[in-house]
Amino acid sequence: MLKNLTFRILLLLSVLFSNSLAYPNEDSTLSLYPPKIHKDYDFGAGDERGRNFKAPFKQEKDALYFLSFHKEKLALFYNALEKNSANKQYARFRGRILITHSAYNILDSQEKKALQGALVMSRFTLASFMKYSELGGVGVGGKIGAESERFFSFDSRYLSDLQTLGIESEIYALCVLPRFDKCILLGIGEFGI
């Protein structure tokens, strides 16, 4: 009986004070939250790639976006690696020797043979797209300084990123020696670098 009476009193109170006991919403006079005002957002002017300067995180992030943030760190790392590679103090990455492209070019054939399966970090200017195959990936030509064009083979997942970066852009890549194949593109946000 007491439970029934308590329930009736609570029901009566909830009906009388329904506005104050309800969850706060936009129409309630006792709302704890300010009313939601939906206004059109001014996206502002963008650049030639369609990126928005007032709301940079509203647009999709592409390889250019990430490379602009990571280029300085990659250049510092590449320069330090180049200095160590010149002294034959090779860094290791996941158990493999890591050397720069220019230091690898200076080595004689016996030393190059000893580095088969090692990784080479290359900084080159994208010169041309040579081929694309779903099985073989993307083949590109790159120039390192005054050196003639060299072939680099990337996985097919990098096709859109390489096209976004475009010809004449500076690219950082890690490739497997001695054929410079199985390359991965660095600085595009894929591996946190």
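Values in this document were obtained by computation on a predicted structure and should not be read as measured data. Atom set for the values below is all heavy atoms of this structure, side chains included, hydrogens, waters and symmetry mates excluded.
- The hydrophobic cluster containing F152 also contains I167, counting ILVMFWY residues as joined when their side-chain heavy atoms lie under 4.5 angstrom apart, directly or transitively.
- The CG atom of L186 lies 12.5 Å from the NZ atom of K73; values are rounded to the nearest 0.5 Å.
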Donor-acceptor pairs under 3.5 Å, side chain of residues 112-130 to any protein atom, not counting sequence neighbours: which ones?
unit_1	atom_1	unit_2	atom_2	d
S122	OG	H101	ND1	2.9
S128	OG	E149	OE2	2.7

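- Using a 4.5 Å heavy-atom threshold, the side chains of I171 and L185 count as touching.
- R179 is linked by a salt bridge (charged side-chain N to carboxylate O under 4.0 Å, His left out) to D181, counting only residues two or more places apart in sequence or in another chain.
- The shortest non-hydrogen separation linking L74 to G187 is CD1-CA, 3.6 Å.
- Among all heavy-atom pairs drawn from Y90 and I97, the shortest one is CB-CG2, 3.4 Å.
- Note that the OG1 atom of T164 and the CD1 atom of I188 stand 9.5 Å from one another [nearest 0.5 Å].
- Inter-residue side-chain proximity for T100 and K83 is flagged as unmet; no heavy-atom pair is nearer than 4.5 Å.
- Both L177 and F93 belong to a single network of hydrophobic side chains, linked directly or stepwise wherever heavy atoms of I, L, V, M, F, W or Y lie under 4.5 Å apart.
- Side chains of Y104 and S85 form no contact here, defined as non-hydrogen atoms less than 4.5 Å apart.
- Nearest heavy-atom pair across Y158 and C183 is CE1-O, 3.8 Å.
- For the ring pair (Phe, Tyr, Trp, His ring centres under 6.0 Å) test, no residue two or more places apart in sequence or in another chain qualifies with Y78.
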